[in-house]
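Worksheet: one structure, shown below.
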Amino acid sequence: MNLLICFNEIKNLLRERLLWLLVVVTVCFSALASYNGYQWATMQTEVITNAEHEQQQAATTAKQGLAKRQALTQPINWWEDRYDLRGQAFYLMVNYATKPPLPNASIAIGQSDIQPYFFRMLVTNKQAFINQYEFVHPLGLLIGKFDLAFFLIYVFPLLLISINFNALSQEKQSGQLRLLMMQGLSPLRILFNQLVIRASIIVLPLLLISVAGLLLFSSGIGLLAISLYTALILTYALFWLAVSALVISYGKTSAYNAAVLVIAWLSFVIILPAILNTAIVTTNTAPSRIEYVDTLREKSDAVDKSSSKVMAQFFQDHPELAKSSNTNKPASEITTSYSTKKMAKIAALEKVMQQYDDAFQTVLMAQQHRAEQFSYLSPATILQSALFDLSGNGLTRHQHFIEQVLSHHKALRYFYQQRILAAHQRGDFSPCENCIARVTLSDLTQVPTFSYQEKTTDAPWSNVIVLLLLSMVIILLASLRLFSMNRSQTGIALV
Amino acid sequence: MLILTLKKEWIESKREGRTLWLSSIILLLLACALLSSWHSYEQVQTQKQQVAKSERERWLNQGDKGPHSAAHYGVYIIKPDTGLSVLDPGLSDYQGSVLRLEAHKKNDTLFRSIQDAIQMQRFGDLNPAFILQTLLPLLMILLGFHSISAERESGTLKQLLANGLSPKKLFIAKVMALTGLGLLFFAPIILYIVYSLLFGDNFSAGRSALFIASYGIYIFIWALLTLIVSSYAHTSRSALISLLVIWALACLLLPKFAIESAIQQYPTESSQAFQSKLESEVYTPERQQAISKFKQDTLAEYGVENVDELPFAWSGAQLQFGEQFANKVFDRLFGQRQMQLQAQSLHYQSAAIFSPFIALQTISMSAAATDLAHHQLFDDAGESHRRLIQATLNGDLKDNGLASIKRNKSYRGDQHLWESIPDFTYQYPAIAQLMSHYGRAVICLLLWLMAMMSLSYFAMRRIENEGQP
């Protein structure tokens with residue numbers, strides 16, 4: 001009997017034009033979203049490859065031109081000399097810190113269109129480079145891209161609602177429900193069959209196309225990522241099926257169900273996340289960036305004005321750099337040189353600005369922590385958080401990247417500090433009156449290079465579990481209502 | 001007729017509690033969004049004024065130093081906001097509002113708020129524009145999808161027509177009722193604008209009028225669209241589904257497809273490639289050659305052998321020549337990028353023919369000065385100011401630096417020199433002057449209005465036919 005009902009449901013569905021439209025939309029959008037994600041990841045990889053190529057090219061060109069530079073007799077400005085440590089450190093260095101996309105990156109573009117995924121490094125204060133960004137049309141950032149994450153979070157529930165809203169209610173309106181119940185079928189069983197069959201029509205093509213896209217285009221994607229992705233889709237679908245069942249269980253008309261389900265979608269996917277975001281940002285207000293500029297400027301002036309104190313502090317913090325053995329130059333000449341002063345000022349400015357930078361970081365982390373707690377209030381935020389983490393384009397991986405960029409920045413500073421002071425001590429920058437500086441950096445491959453170290457993070461299985469639990473609670477409520485409908489309808493039927 | 005229809009709609013809405021609840025929630029959200037945006041705007045304005053004042057004081061009191069050192073010291077300028085940005089923050093969070101002006105470099109604006117945001121921010125901010133542009137049409141659909149289709153389904157439509165009710169009057173009354181409900185949500189915004197125009201100091205009448213008119217038309221378009229679909233649909237169910245599809249396409253999907261298509265059609269280089277090109281084109285052997293040629297020409301012009309014999313400080317002239325050389329490269333490369341971005345904006349606007357949302361979004365951001373075009377105007381004004389600073393400082397070094405250099409001393413500028421550079425102030429031009437930036441959107445919105453009014457005629461005919469025996 002059950003099988004017969006299922007066949008009948010499939011037969012009825014196949015007759016509806018809406019079904020075919022929904023299947024076509026699902027297929028086309030899944031393919032388009034997968035392609036957009038893949039294209040974005042490819043574009044990022046290309047930019048990173050170009051950056052690496054530019055870095056290698058700079059080293060190769062320097063190697064090729066070394067003999068010519070060594071033979072040079074004409075004066076050359078140090079800030080234009082690629083063989084001068086100071087020129088390299090402060091102006092000419094081609095050194096990139098890049099965050100390569102994960103094999104799963106095409107699942108969600110996430111924050112990767114907003115947060116920088118590469119930095120051009122120089123020996124400067126971190127405040128001068130850490131806010132770099134990719135210059136694109138800001139409207140593209142506001143609207144966002146049509147990737148799998150967008151399709152799944154926003155469009156997928158609408159497709160499920162479109163195909164499910166008239167389940168059971170159509171049978172009730174046409175009077176078929178009472179006939180079916182008289183043959184021993186419960187509304188719960190009928191609705192279960194209908195929802196599963198209808199949802200499969202949307203879920204199966206979506207899974208088939210997106211997983212095939214991931215396997216085909218994302219080389220190196222793991223089975224764990226695919227399993228998690230599939231589990232997320234299934235549990236998110238289950239949530240919307242549960243909500244549909246609950247709404248349908250009230251026994252109202254199809255139009256009523258559709259309107260209520262759309263309101264539910266609007267509340268869970270649009271309004272609630274926007275309210276949560278606004279509430280989190282308002283209760284944990286970030287410091288003002290406008291005031292930050294003011295502070296940066298003020299502190300920078302203060303550092304400039306207390307030059308001698310800054311220098312003393314610098315050599316106190318780096319006693320290894322103050323060693324004056326084998327020196328050809330008086331200490332005063334070294335400490336008053338532009339490059340030494342600049343390095344000392346960078347260190348001093350970073351130190352005094354640390355608390356202000358930390359303030360932003362602290363608030364961001366507090367906001368993110370709060371967002372993770374509240375994300376369980378909406379299935380959309382649960383899914384977004386999981387998909388962003390899974391794709392490696394969320395805040396967590398970006399924070400790891402920034403930590404490593406700052407470490408690399410420190411390593412570069414230390415590399416140049418040591419060598420510039422040593423070169424000063426040897427008198428390499430002015431070997432004699434009117435002489436040109438000696439080559440102080442002959443091999444650019446000696447300069448520390450950046451290599452992003454992937455940090456293992458927990459796969460967001462907890463989001464799957466929460467979605468599953470939420471769905472179960474709603475299913476339970478819907479089942480209770482359908483049982484009572486069964487009782488009352490059976491009563492009417494018997495009378 | 002209108003009052004009777006309004007009464008009927010009200011009673012039906014009361015019966016269907018869900019829409020009343022949703023309306024109340026959205027009205028509450030709008031009030032909260034307005035209050036929160038206004039509070040944040042007031043705070044930011046105070047900060048901007050204070051920081052701009054401090055920055056000017058810092059510039060004036062930087063002490064005696066070489067003009068070129070002052071050029072490197074530079075200034076930070078802050079992008080102004082209009083009062084309407086409270087209602088539509090548009091792209092503000094995605095563009096940054098601080099610009100550093102310094103020697104040799106043209107910078108992009110700093111500190112985009114979005115970089116300090118959590119990932120939940122991608123769901124959007126609760127601001128008045130978001131509610132009015134995205135949520136209000138959906139609410140109007142939910143309130144009005146069954147306006148005529150339900151009458152048809154229940155058989156009351158035939159009865160009403162048989163009693164001599166004019167289909168035209170019925171349709172117009174229903175449209176007016178739905179538009180009135182839509183405008184009810186817009187009323188707090190109008191009140192805020194009128195109050196600010198009377199008592200505020202950062203509101204332009206032209207921009208406000210454009211803002212109010214475009215939202216009014218938008219609400220009217222959605223009311224017409226809802227009633228047209230309801231008139232044609234056989235059942236309320238199909239009316240609702242059709243309207244939801246239209247809403248999802250117009251407000252969610254088409255904007256994404258349109259901007260993606262614009263980016264594909266008019267691609268911009270990655271920042272990595274752009275910066276790399278900028279450096280390789282400014283600091284080239286050609287630049288060295290151009291400076292040498294300039295030197296030779298100057299020496300020839302003054303009939304001297306050496307720059308030390310020139311009647312001015314050569315370093316000032318050389319620095320200014322270097323600036324002008326770089327400016328040409330900046331004009332070309334930044335100009336190309338700006339042209340591509342403008343082309344993307346126009347391409348996106350053209351898609352407004354398929355979505356009234358795109359039309360309204362564009363006009364609203366333009367009126368509020370929170371779009372890319374206004375950002376670029378500010379950026380251009382900043383660049384002009386940067387060039388003025390460089391020209392003044394280099395000119396001073398050239399004209400007054402010779403005596404110090406001859407005494408083997410470094411020339412130092414003082415407060416008089418810093419004061420000769422005016423403070424940066426910028427006001428956005430009147431909105432009418434920027435028609436080229438948003439004109440397509442205005443035309444598209446009007447086309448939508450005309451199309452809906454034309455389709456209304458057919459919808460009325462369709463209702464009329466229902467009454468025929």
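Residue numbering restarts at 1 for every chain, and letters A, B, ... go by the order of the sequence lines.
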Worksheet item: When you look at A:Phe135 and B:Phe274, which way does the ring pair (Phe, Tyr, Trp, His ring centres under 6.0 Å) test go after all the steps?
Response: CA-CA 9 Å; A:Phe135 199 97; B:Phe274 185 78; 8.0 Å; no

Worksheet item: Between B:Leu372 and A:Leu139, is a side-chain contact (heavy atoms from CB on, under 4.5 Å) present by the stated rule, with each step listed?
Response: CA-CA 8 Å; B:Leu372 181 66; A:Leu139 197 58; over 6 Å; no

Item to complete: Step by step, work out the side-chain contact (heavy atoms from CB on, under 4.5 Å) result for B:Ser236 and A:Tyr256.
Response: CA-CA 9 Å; B:Ser236 298; A:Tyr256 180 93; over 6 Å; no

Fill in: Verdict with reasoning, B:Gln115 to A:Gln111, per side-chain contact (heavy atoms from CB on, under 4.5 Å)
CA-CA 9 Å; B:Gln115 273 179 261; A:Gln111 296 287 82; over 6 Å; no

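Neither the backbone nor the side chain of B:Gln275 comes within contact range of chain A, judged by heavy atoms closer than 4.5 Å. Only the side chain of A:Asn166 comes within contact range of chain B, with at least one heavy atom under 4.5 Å from a heavy atom of that chain. The contact between B:Glu260 and chain A is made entirely by side chain atoms (from C-beta outward), counting heavy-atom distances below 4.5 Å. At a 4.5 Å heavy-atom cutoff, the contact between B:Gln361 and chain A is made by side-chain atoms alone. For chain A, the nearby parts of B:Ile118 are the backbone and the side chain; heavy atoms of each come within less than 4.5 Å. Heavy-atom distances place no part of B:Ile131 under 4.5 Å from chain A, backbone and side chain included. A:Ala286 does not touch chain B: none of its heavy atoms, backbone or side chain, sits under 4.5 Å away. Contacts of B:Gln342 with chain A are absent, with no heavy-atom separation under 4.5 Å from either backbone or side chain. Both the backbone and the side chain of B:Ile114 come within contact range of chain A, judged by heavy atoms closer than 4.5 Å. For A:Val155, the part lying near chain B is the side chain, with the backbone staying farther off; criterion is any non-hydrogen pair under 4.5 Å. Heavy atoms closer than 4.5 Å to chain A are found in both the backbone and the side chain of B:Leu126. For A:Tyr154, the part lying near chain B is the side chain, with the backbone staying farther off; criterion is any non-hydrogen pair under 4.5 Å. Contact of B:Thr235 with chain A is not made at all, since no heavy-atom distance falls under 4.5 Å. Heavy atoms of A:Asn131 lying under 4.5 Å from chain B belong to its backbone as well as its side chain. Using a 4.5 Å cut-off between heavy atoms, A:Leu32 touches chain B through its side chain atoms alone. Residue contact with chain A, scored on non-hydrogen atoms closer than 4.5 Å, involves the backbone and the side chain of B:Leu341 alike. Looking at A:Phe146, the atoms closer than 4.5 Å to chain B (heavy atoms on both sides) sit in the backbone and in the side chain alike. In this structure, the portion of B:Leu29 lying under 4.5 Å from any heavy atom of chain A is its side chain and not its backbone. Contacts between B:Thr362 and chain A at a heavy-atom distance below 4.5 Å are absent for every atom of the residue. Both the backbone and the side chain of A:Ile275 come within contact range of chain B, each with at least one heavy atom under 4.5 Å from a heavy atom of that chain.
B:His72 NE2: more than 12 foreign heavy atoms inside a 6.0 Å radius. Atom OH of A:Tyr35 is surrounded by 12 or fewer heavy atoms from other residues, nucleotides or ligands within 6.0 Å. At most 12 heavy atoms of other shown residues, nucleotides or ligands fall within 6.0 angstrom of atom NE2 in A:His369.
Using a 3.5 Å distance cut-off with no hydrogens or angles, the side chains of A:Gln39 and B:Gln264 do pair a donor with an acceptor. Between the side chains of B:Tyr76 and A:Asp294, no donor N or O sits under 3.5 Å from an acceptor N or O. Counted by atom type alone, B:Gln272 and A:Glu134 present zero donor-acceptor pairs between their side chains at under 3.5 Å.
The CD atom of B:Gln121 sits 8.0 Å away from the CD1 atom of A:Ile114 when rounded to the nearest 0.5 Å. A:Tyr117 contributes atom OH, which lies 6.0 Å from atom OG of B:Ser270 (distance to the nearest 0.5 angstrom). The distance from the OH atom of A:Tyr133 to the CD atom of B:Gln95 is 8.5 Å, given to the nearest 0.5 Å. Note that CD1 of B:Ile241 and CZ of A:Phe165 are 3.5 Å apart. Values are rounded to the nearest 0.5 Å. In this structure, CZ on A:Arg370 lies 11.5 Å from CE on B:Met120, to the nearest 0.5 angstrom.
Proximity of a side-chain donor or acceptor of B:Gln47 to a complementary backbone N or O of A:Ile290 within less than 3.5 Å is not detected. Using a distance-only test at 3.5 Å, with no hydrogens or angles considered, no donor-acceptor pair links the side chain of A:Glu298 to the main chain of B:Ser54.
Residues from residues 264-272 of chain A that place a non-hydrogen atom less than 4.5 Å from a non-hydrogen atom of chain B comprise A:Trp265, A:Leu266, A:Val269, A:Ile270, A:Ile271, given in numerical order.
The shortest distance between side-chain heavy atoms of B:Ile263 and A:Val136 does not fall below 4.5 Å.
Evaluation of the ring pair (Phe, Tyr, Trp, His ring centres under 6.0 Å) rule for A:Phe90 yields no partner, not counting sequence neighbours.
Contact detail for B:Arg122 and A:Leu141: the closest heavy-atom pair is NH2-O, 3.1 Å. For A:Glu54 against B:Ser276, the heavy-atom pair with the smallest separation is OE2-OG, 3.1 Å.
Using a 30° and 60° split on the angle between ring planes, A:Tyr292 and B:Phe111 fall in the perpendicular class, above 60°.
The candidate from B:Cys32, B:Ala258, B:Ser345 with the greatest count of non-hydrogen atom pairs under 4.5 Å with chain A is B:Ser345. Considering only heavy-atom pairs separated by less than 4.5 Å from chain A, the leading option among B:Leu110, B:Ile78, B:Leu244, B:Asn127 is B:Leu244. Heavy-atom pairs under 4.5 Å with chain A peak, among B:Ser238, B:Ala33, B:Ala239, B:Gly124, at B:Gly124. If you tally non-hydrogen atom pairs under 4.5 Å between each of A:His398, A:Met43, A:Gln367 and chain B, the highest count goes to A:Gln367.
Judged by a 6.0 Å distance limit and a 45° cone about the ring axis, A:Arg297 is positioned over the six-membered ring of B:Tyr73.
Residue pairs meeting the salt bridge (charged side-chain N to carboxylate O under 4.0 Å, His left out) criterion with at least one member in residues 262-274 of chain B, sequence neighbours excluded, are B:Glu269-B:Lys277. Sorted by first then second residue, the salt bridge (charged side-chain N to carboxylate O under 4.0 Å, His left out) pairs that include residues 271-292 of chain A, not counting sequence neighbours, are A:Arg289-B:Asp116.
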